[in-house]
Structures are given as C-alpha cells and as structure tokens.
Amino acid sequence: MKKNELSIASDGSPLPGGPIVTTGNLLHFLELESLRAPYRILDAPDSPLLVPLSFAARMRKRDWFDPLLLQILPRGEELAGRKGFTVDPVHDAAAAIAPCLLKKYSGRALLLAGDRCAMTCRYCFRRRRGAPLKQSFDAIEAALLHIGRDASLREVILSGGDPLCLVPEKLERIARLLADIPHCSTVRIHTRLPVADPDRVDAHLATIAFLSTVRTCIVVIHANHEAELGGGVPAALLRLRSTGCLLLNQSVLLRHINDCEDRLAKLSCALLDSGVMPYYLHQLDRVEGAWHFETGVRRGRELMAGLRRLLPGYAVPRYVREIAGEPAKTPL
Ligand SMILES: *Cc1c(COP(=O)(O)O)cnc(C)c1O
Ligand code: SF4
C-alpha cells in the first residue's frame with residue numbers, strides 16, 4: 001500500500017497506516033462524501049491537509065460539524081482576508097535572538113526544534129509562517145550554545161512545529177546537550193503529538209524519562225475538546241506520566257468547537273482524569289485565514305466565569321492572550 005493511501009479495513013475501521021492527506025480521503029473515511037457540505041471546502045489549500053488516522057478515528061461519522069473535523073478541514077473562509085488578521089500576529093520575527101531561538105519572556109527561551117507537526121490545525125499561526133523553517137541541526141546546536149552562554153535562561157521550551165515529531169535520536173541529542181547546561185533547570189516540551197497520534201510518543205519516552213530525572217521536565221499538550229482525549233490518548237498520557245514529567249494542557253478558544261461552558265468543563269475533567277492540569281485557554285492569535293475560528297473576548301470572559309462556577313480552582317485554565325511586546329501572556 002502506498003504511504004499516503006487511506007488504510008481502511010473491509011468493515012470500515014482504520015488500520016495502522018499513514019496519515020490522511022487529502023480532503024477526498026478524509027470525507028470518504030467519515031462517510032461524508034455523498035452528503036451535501038454546509039460550507040465550502042478547499043481542495044488545494046495553501047498548507048495541505050494532514051491528519052493521523054488515529055485522530056480522524058475520534059471524529060463522528062457523517063457529521064459536518066464534528067469539533068475535531070472543524071479543526072483540520074480546510075474551508076473557504078480561509079481565503080477571505082479580515083482586518084486585523086496578519087501573517088505574524090505575535091511578532092515572532094522580532095523575538096528571534098538566534099536562528100530558531102525566540103526570547104520574549106524573562107528567564108525563558110523557546111527553541112523551534114522542528115518544523116513539522118503530526119497534523120495541520122487550521123487556526124494555527126505556525127502553519128502560516130511562510131516557508132517552512134528548514135533549520136539544520138547546526139542551527140539547533142548554535143541555539144543551544146547561545147542558551148549555554150546566557151545564564152539568565154532558566155527554562156528552555158522546545159516547540160516548533162512539534163518537537164516530538166523529530167526523529168527520536170535528534171530529540172535525545174538535544175536533551176543531552178540541555179542536560180549539560182547547568183543553569184537550565186527546566187525543560188518544557190510543547191507538543192500536540194500525544195493527542196494527534198498517541199502511539200508515536202513511545203519513541204520518546206526514554207528521552208523524557210531522562211530529562212525528568214536530571215531536570216524539571218514539563219510536557220504541555222494541546223487539546224481543545226474532550227473528544228480529542230479518546231482512543232489511545234489516555235493510555236499514552238499515562239505512559240508519559242510514568243516518566244516523571246509534569247503534564248499540562250493548553251487549549252485555544254475556538255468558535256463552534258469549544259466556545260461553550262459545558263464543553264470546556266468536560267475538557268478540564270477529562271484532562272484531570274488523565275493526570276493533566278489545565279494550564280492556558282488562549283484567545284485566538286489573529287493570524288491570516290483563521291478569522292472564522294475567533295470567539296470574542298467578552299464571550300470568553302463569560303465562559304470563564306461559568307467555569308469558575310462549575311469547577312474547582314485547579315481545573316480552571318488561565319484565559320490569556322498573547323500581545324506582541326508584552327512581558328508575559330496577558331490575562332483576560
Ligand atoms: C508562550 C511563550 C512562552 C511561554 O510562556 P509561559 O507563560 O511561560 O507559558 C515562552 N516563550 C515564547 C516565545 C512564547 O510565545
Ligand atoms: S503547532 Fe500545534 S496547533 Fe499548530 S499546526 Fe502544529 S500541532 Fe497544530
């Protein structure tokens with residue numbers, strides 16, 4: 001079978017195989033191809049569709065408004081410009097202190113450790129950065145040297161792309177180099193892989209266990225809806241936890257996906273059931289082509305008030321927005 005071919009058993013259930021990379025295959029898999037679409041679908045979007053079979057398997061069949069599908073299906077709205085939505089809304093370009101190293105906040109630097117993700121989320125600013133960051137391992141090593149020389153950097157955040165989409169040997173190499181930097185006491189990994197394609201975390205468990213032994217290691221996953229935490233995800237989170245790392249989650253507030261008190265409360269509960277603390281609920285970054293995902297801040301604040309009524313304090317994420325030039329994510 002070709003790598004990109006959709007793998008489905010005769011009973012329609014997914015087989016282990018490559019990700020889905022065309023809208024046609026995704027709609028076929030979800031039994032949507034013969035149903036009239038209530039919105040325009042882009043067949044050839046600027047950043048191609050990419051979704052692991054395991055994530056697609058958590059979508060409801062025959063439902064155009066499935067909250068997971070809405071996050072990854074390229075839609076016509078992407079083509080419409082909107083005032084205030086730009087290519088680099090959070091001014092990453094201005095925050096680069098070395099190739100693939102961003103510093104915006106005190107004591108923390110963010111290393112763009114890879115340019116790949118396990119899937120393409122349509123609301124994400126990373127996929128809009130233009131040319132993919134073709135950083136070589138030399139650039140990463142140069143960034144690590146820079147971190148080693150700057151004793152004010154107590155925490156290094158591995159981000160990307162998705163650092164867990166690196167080949168395991170590369171991540172391990174980065175981990176070993178970080179472990180040699182005495183002032184770097186915390187290593188944080190921002191990843192959607194445990195949610196996107198949970199079984200693929202196994203290749204990195206030894207590295208995360210190593211980091212958890214020699215440093216404080218925090219793994220921040222990214223889930224927006226309770227339904228993302230089905231399938232093999234809870235088991236993968238358990239395996240991650242058993243490495244000794246701390247698990248947090250960040251979400252983005254997304255219209256028609258999680259802009260509902262009840263949905264957000266269920267997400268928090270499901271996260272905690274898997275040992276993951278809710279960390280941030282992000283107001284959408286106003287990136288070009290993502291305006292149709294935006295929920296207003298007023299609505300966001302109402303939702304937060306609702307969450308505080310429903311949940312214990314530790315289950316309520318911090319509702320924040322990133323404002324370029326500010327010294328921290330801004331609480332809303
Ligand atoms: C969001 C972000 C961080 C992390 O911020 P925390 O509030 O510590 O989670 C660090 N660096 C950059 C460049 C960021 O965008
Ligand atoms: S960086 Fe995260 S949110 Fe953005 S496309 Fe990759 S996996 Fe999705």
Side-chain angles (χ1 to χ4, degrees), residues 19 45-52 55 68 70-74 78 88-98 100-129 132-133 143 147 152-166 186-198 200-201 216 218-225 228 246 248-254 257 277-285 287 289-290 293 317-332:
D46 62 346
S47 56
L49 180 144
L50 173 67
V51 59
F55 191 84
L68 279 57
L70 292 178
Q71 295 179 50
I72 59 108
L73 189 64
E78 289 185 14
D88 183 12
V90 294
H91 294 192
D92 273 359
I97 52 171
C100 65
L101 192 64
L102 305 181
K103 180 166 187 279
K104 289 183 180 171
Y105 308 139
S106 160
R108 286 151 287 171
L110 189 144
L111 179 65
L112 301 165
D115 54 13
R116 256 171 236 194
C117 294
M119 65 183 180
T120 310
C121 313
R122 308 312 298 181
Y123 53 84
C124 176
F125 70 96
R126 304 253 185 242
R127 76 180 181 84
R128 293 276 165 178
R129 237 193 222 135
L133 305 148
I147 294 164
S152 75
L153 295 175
R154 294 195 61 240
E155 176 169 6
V156 173
I157 300 164
L158 303 182
S159 185
D162 193 321
L164 296 193
C165 288
L166 288 170
T186 301
V187 177
R188 196 191 318 180
I189 299 175
H190 280 183
T191 175
R192 193 145 158 70
L193 189 74
V195 170
D197 206 355
R200 280 175 60 193
V201 305
T216 300
I218 306 174
V219 175
V220 185
I221 67 163
H222 172 174
N224 302 310
H225 190 284
E228 289 170 50
L246 204 68
L248 305 177
N249 178 66
Q250 48 186 348
S251 309
V252 181
L253 182 59
L254 298 168
I257 292 168
M277 292 284 289
Y279 179 38
Y280 278 148
L281 174 66
H282 291 275
Q283 178 65 19
L284 182 83
D285 292 324
V287 63
F293 287 106
R318 301 162 182 82
Y319 179 38
V320 295
R321 147 175 271 167
E322 180 167 350
I323 301 175
E326 289 295 309
K329 305 277 191 273
T330 305
L332 289 172

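Whatever order the structure lists them in is the order used to number ligands and atoms, beginning at 1. Every value quoted in this text rests on a predicted model; they were computed, and no experiment measured them. Side chains included, hydrogens not; waters and symmetry mates left out as well; all remaining heavy atoms used.
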Give a table of atom pairs where an N or O of ligand 1 lies under 3.5 Å from a protein N or O.
{"from": "ligand 1", "atom 1": "7 (O)", "to": "Tyr280", "atom 2": "OH", "distance (Å)": "2.6"}
{"from": "ligand 1", "atom 1": "8 (O)", "to": "Arg108", "atom 2": "NH1", "distance (Å)": "2.6"}
{"from": "ligand 1", "atom 1": "8 (O)", "to": "Arg188", "atom 2": "NH2", "distance (Å)": "2.8"}
{"from": "ligand 1", "atom 1": "9 (O)", "to": "Arg188", "atom 2": "NH1", "distance (Å)": "2.8"}
{"from": "ligand 1", "atom 1": "9 (O)", "to": "Arg188", "atom 2": "NH2", "distance (Å)": "3.4"}
{"from": "ligand 1", "atom 1": "9 (O)", "to": "Tyr279", "atom 2": "OH", "distance (Å)": "2.6"}
{"from": "ligand 1", "atom 1": "15 (O)", "to": "Lys329", "atom 2": "NZ", "distance (Å)": "3.0"}

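Scanning all heavy atoms of the two residues, the minimum distance from Ser251 to Asn224 falls at CA-OD1, 3.4 Å. Scanning both residues, Ile221 and Pro194, for their nearest heavy atoms gives CG2-CG, 3.8 Å. A pairwise comparison of heavy atoms in Val51 and Met119 identifies CA-CB, 4.0 Å as the closest pair.
At a 4.0 Å heavy-atom cut-off, ligand 2 touches Met119 through the backbone alone.
Among the atoms of Cys117, no N, O or S atom is found under 2.8 Å from atom 4 (Fe) of ligand 2. Coordination check, Cys121 versus atom 8 (Fe) of ligand 2: passed, since an N/O/S atom of the residue sits under 2.8 Å.
We find the CG-CZ distance between Leu164 and Arg116 to be 14.5 Å, quoted to the nearest 0.5 Å.
Panel note: side chain Lys103, backbone Leu153; no donor-acceptor pair is recorded below 3.5 Å.
Ion pairing between Glu326 and Arg321 fails under the 4.0 Å rule for side-chain N and carboxylate O.
Not a single ring pair (Phe, Tyr, Trp, His ring centres under 6.0 Å) links Tyr319 to another residue, sequence neighbours left out.
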request  = List the steps, then state whether side-chain hydrogen bond (donor to acceptor under 3.5 Å, both in side chains) holds for His282 with Glu322.
outcome  = CA-CA 8 Å; His282 291 275; Glu322 180 167 350; over 6 Å; no
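In the vicinity of Cys124, heavy-atom distances shorter than 4.0 Å reach the ligand 2 atoms 1 (S), 3 (S), 4 (Fe), 5 (S). Those atoms of ligand 2 with a heavy atom of His222 less than 4.0 angstrom away are 3 (S).
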